[in-house]
Enquirer: 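Sharing a structure below in C-alpha cells format, with a few things to ask.
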Amino acid sequence: MTRIEIPRDSLFGTENLPYGVFSADGAEPRVGVRAGDSVVDLAVALGDEIFARPTLNAFMARGYDFWVETRRRVTELVTGEVPGEAVHPVERVRTHLPVEVADYVDFYASEHHASNLGRLFRPDAEPLLPNWKHLPVGYHGRAGTVVVSGTDIVRPSGQRKAPGEDAPSFGGSRRLDIEAELGFLVGTGSPLGSAVPVAEFSRRVFGAVLVNDWSARDIQAWEYVPLGPFLGKSFATSISPWVVPLLALEAARVPTPAQVPEPLPYLRESEPWGLDIDLSVSWNGEEVSRPPYREMYWSPAQMLAHLTVNGASSRTGDLYASGTISGPEKAQRGAFIELTWGGKEPVLVGGAERTFLEDGDEVVISATAPGAKGTRIGFGEVRGRVLPATGA
Ligand SMILES: O=C(O)/C=C/C(=O)CC(=O)CC(=O)O
Ligand SMILES: [Ca+2]
Ligand SMILES: [Mg+2]
C-alpha cells in the first residue's frame, strides 16, 4: 500500500478528482482518476470491472447514485492508502479519448461571441438574430471526429470563396481558427418522445471537458447558408482528457447574466447553473486570451432541456458544447476571427503579427474554477498542432 502526495496548491486535489482513460506500460486503456500528479487505476484500486474498459461510458451509464458513491470511495482512497500497483505518475501515462462520443451538438451561447460573429459575417444585419434570446441556438456536429488533446489537426481542404472572388476554388483553408468552449457529457440518457426538464441536468450530466471546435472560416462562410455549419467544422473537434465531474463544480456555480425577455417555461431555471470558470488560450506558448465562462447567456441545464424538448432522445456519451466563450473585453475572445477582427487586427505571437493559424502552430486551452473548501480546480488542457493540408 502507498500514499499519494498531493501538492497543497494542486489543481487536481481532492476537491477535483477528474476521471479519464489512460494506458501505462503498454497495457490496454482503462479508467483512471487523477489525484495531484498521479493517476489511480480504478479497476485495480476499487476492484470493479466497470473501470477495466477503454471508455467511461459504462461507468457514466450507471447513473447519479453510483457517481456519488464512486466519488466518495475515490476520495477515501486518495486520502488514505492505495495499492501501489494502482498508482502511476501522470507523466508516464498516455491519455485517450475518455468517452465513446454518441451524438455531438454545438451551441452558440455567448452573447459577446454571437454579436461579434454577426458583425463579422453579416455586417448589414442586426448582430443578434431575433431568435437568439429566446432559445439556445445550436447545430448537430460530427461525433466521429471528436479527438483527444494532443491529436494533430490536418488543415482541412475544401471549397473556399473570399468575398471579392466570384467563384470558389479548392484548397487548404486559409482561415483556420479555433473556438474555446466547454463541453458537457451526458451520463444517463432519456428515451425518445420525452424531454429532459432543466431541473434534471445535474442527475443526467456526468461532467465537463474543454473543447476546441477547430473552424475553417473560409470554408464555413461559403458553405453554411442556409443549413448551418458543415465541413468547415466537422474535420476535427478536440477535447481535454480529464472529465471534471459535475459534482466537483458545485462551488463554481453562479447565476447566468440576466435573461431578458424571460425565456419560455421549459427553459426557466429554479437554481443557477452558470459557471465561474476562467479559460486561458495560448498560441505557440503565449497566452492571447482569457475567456470567462460566467459570461455565458444560456446555462448548460437550459441547453440540455432545449436539445430534448422536441422529444429527441439523449444517450450516454452525448457531448454538447457551449459554443465559443467570449467576454466583453477584446482579450476575452475565444476565437481568433474575433480576436483579430476578421484578420484585420493582427495579434503579436512570438513577436510576429498573426491572424489565422499557420502550419506548425500549436494552440492550448486550459481552465480553472473554484473548488470546494476554498480550493481551485483545473481542467487540464486541450492541445492541438496544425499539420499541412494533405490536399485530400
Ligand atoms: O454567426 C455565425 O455565422 C457563425 C457562428 C459560428 O461559427 C459559431 C459556432 O460554431 C458556435 C459557437 O461556437 O459559438
Ligand atoms: Ca463552436
Ligand atoms: Mg469542430
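These numbers come from the heavy atoms of this one structure, side chains and all, not from hydrogens, waters or symmetry mates. We're numbering straight along the sequence, starting at 1. All values reported here derive from a predicted model rather than from experimental measurement. Just so you know, ligand 1 is whichever comes first in the structure, and atom 1 is the first atom listed for that ligand.
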Enquirer: Please note down the angle at the Ca ion (ligand 2) between OD2 of Asp213 and OD2 of Asp106, to the nearest 10°.
Expert: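 The two atoms subtend 80° at the Ca ion (ligand 2).
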Enquirer: Side chains of Pro300 and Tyr320: does their closest heavy-atom pair fall under 4.5 Å?
Expert: yes
Enquirer: Who's the nearest protein heavy-atom neighbour of atom 10 (O) of ligand 1, and how far?
Expert: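 Checked against all protein heavy atoms, atom 10 (O) of ligand 1 sits closest to Lys233 NZ, 2.7 Å.
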Enquirer: With atoms numbered from 1 as shown, which atoms in ligand 1 lie under 4.0 angstrom from a non-hydrogen atom of Glu179?
Expert: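 Numbered from 1, ligand 1 contributes 6 (C), 7 (O), 8 (C), 9 (C), 10 (O), 12 (C), 13 (O).
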Enquirer: Can you sort out which atoms of ligand 1 are near Glu181, meaning under 4.0 Å from one of its heavy atoms?
Expert: 13 (O)
Enquirer: Relative to the heavy atoms of Arg122, which atoms of ligand 1 are at a distance of less than 4.0 Å?
Expert: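 Those qualifying, in numeric order: 1 (O), 2 (C), 3 (O).
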Enquirer: Would you kindly specify which portion of Tyr108 sits under 4.0 Å from ligand 1, judged on non-hydrogen atoms: side chain, backbone, both or neither?
Expert: both
Enquirer: Under 4.0 Å from a heavy atom of Tyr224: give me the atoms of ligand 1 that qualify, with their elements.
Expert: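 Checking each atom against Tyr224, I get 2 (C), 3 (O).
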Enquirer: List ligand 1 atoms under 4.0 Å from Leu117, heavy atoms only on the residue side.
Expert: 1 (O), 4 (C), 5 (C), 6 (C), 7 (O)
Enquirer: Just which atoms of ligand 1 are under 4.0 Å from any heavy atom in Arg217?
Expert: 7 (O)
Enquirer: Out of curiosity, Phe51 CZ to Asp41 CG, how far, rounded to the nearest 0.5 Å?
Expert: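 The distance works out to 10.5 Å.
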Enquirer: Determine whether the side chains of Ser326 and Glu338 contain a donor N or O and an acceptor N or O closer than 3.5 Å.
Expert: yes
Enquirer: Write the atom name of the N, O or S atom in Glu181 that is nearest the Ca ion (ligand 2).
Expert: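 It is OE2 of Glu181.
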Enquirer: With distance as the sole criterion, is a donor-acceptor pair present between the side chains of Gln332 and Glu295 under 3.5 Å?
Expert: no
Enquirer: Mind checking whether Glu269 and Phe201 have side chains closer than 4.5 Å, heavy atoms only?
Expert: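 SC-SC contact between Glu269 and Phe201 ruled out.
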Enquirer: How about Ser238 and Trp214: does a side-chain donor come under 3.5 Å of a side-chain acceptor?
Expert: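 There is such a pair (donor and acceptor under 3.5 Å, judged by atom type) between the side chains of Ser238 and Trp214.
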Enquirer: For a salt bridge (charged side-chain N to carboxylate O under 4.0 Å, His left out) with Asp361, tell me which candidate from Arg155, Arg354, Arg385 qualifies.
Expert: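 With Asp361 as partner, Arg155, Arg354, Arg385 yield a single salt bridge (charged side-chain N to carboxylate O under 4.0 Å, His left out), made by Arg354.
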Enquirer: Going by the atom numbers of ligand 1, which of them fall below 4.0 Å from some non-hydrogen atom of Phe107?
Expert: 11 (C), 12 (C), 13 (O), 14 (O)
Enquirer: Should you measure from each heavy atom of Gly323, which atoms of ligand 1 turn up under 4.0 Å away?
Expert: 12 (C), 13 (O), 14 (O)
Enquirer: Please state which protein non-hydrogen atom is closest to atom 7 (O) of ligand 1 and give its distance, to 0.1 Å?
Expert: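 So the nearest neighbour among protein heavy atoms is Gln220 NE2, 2.6 Å.
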Enquirer: Describe, in one word, how the ring planes of Trp67 and Phe206 are oriented to each other, choosing from parallel (under 30°), tilted (30 to 60°) and perpendicular (over 60°).
Expert: perpendicular
Enquirer: When you compare the side chain of Thr316 with that of Glu100, does any pair of heavy atoms fall below 4.5 Å?
Expert: no
Enquirer: Would you name the N/O/S atom of Glu179 that lies closest to the Ca ion (ligand 2)?
Expert: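 Output for this pair reads OE1.
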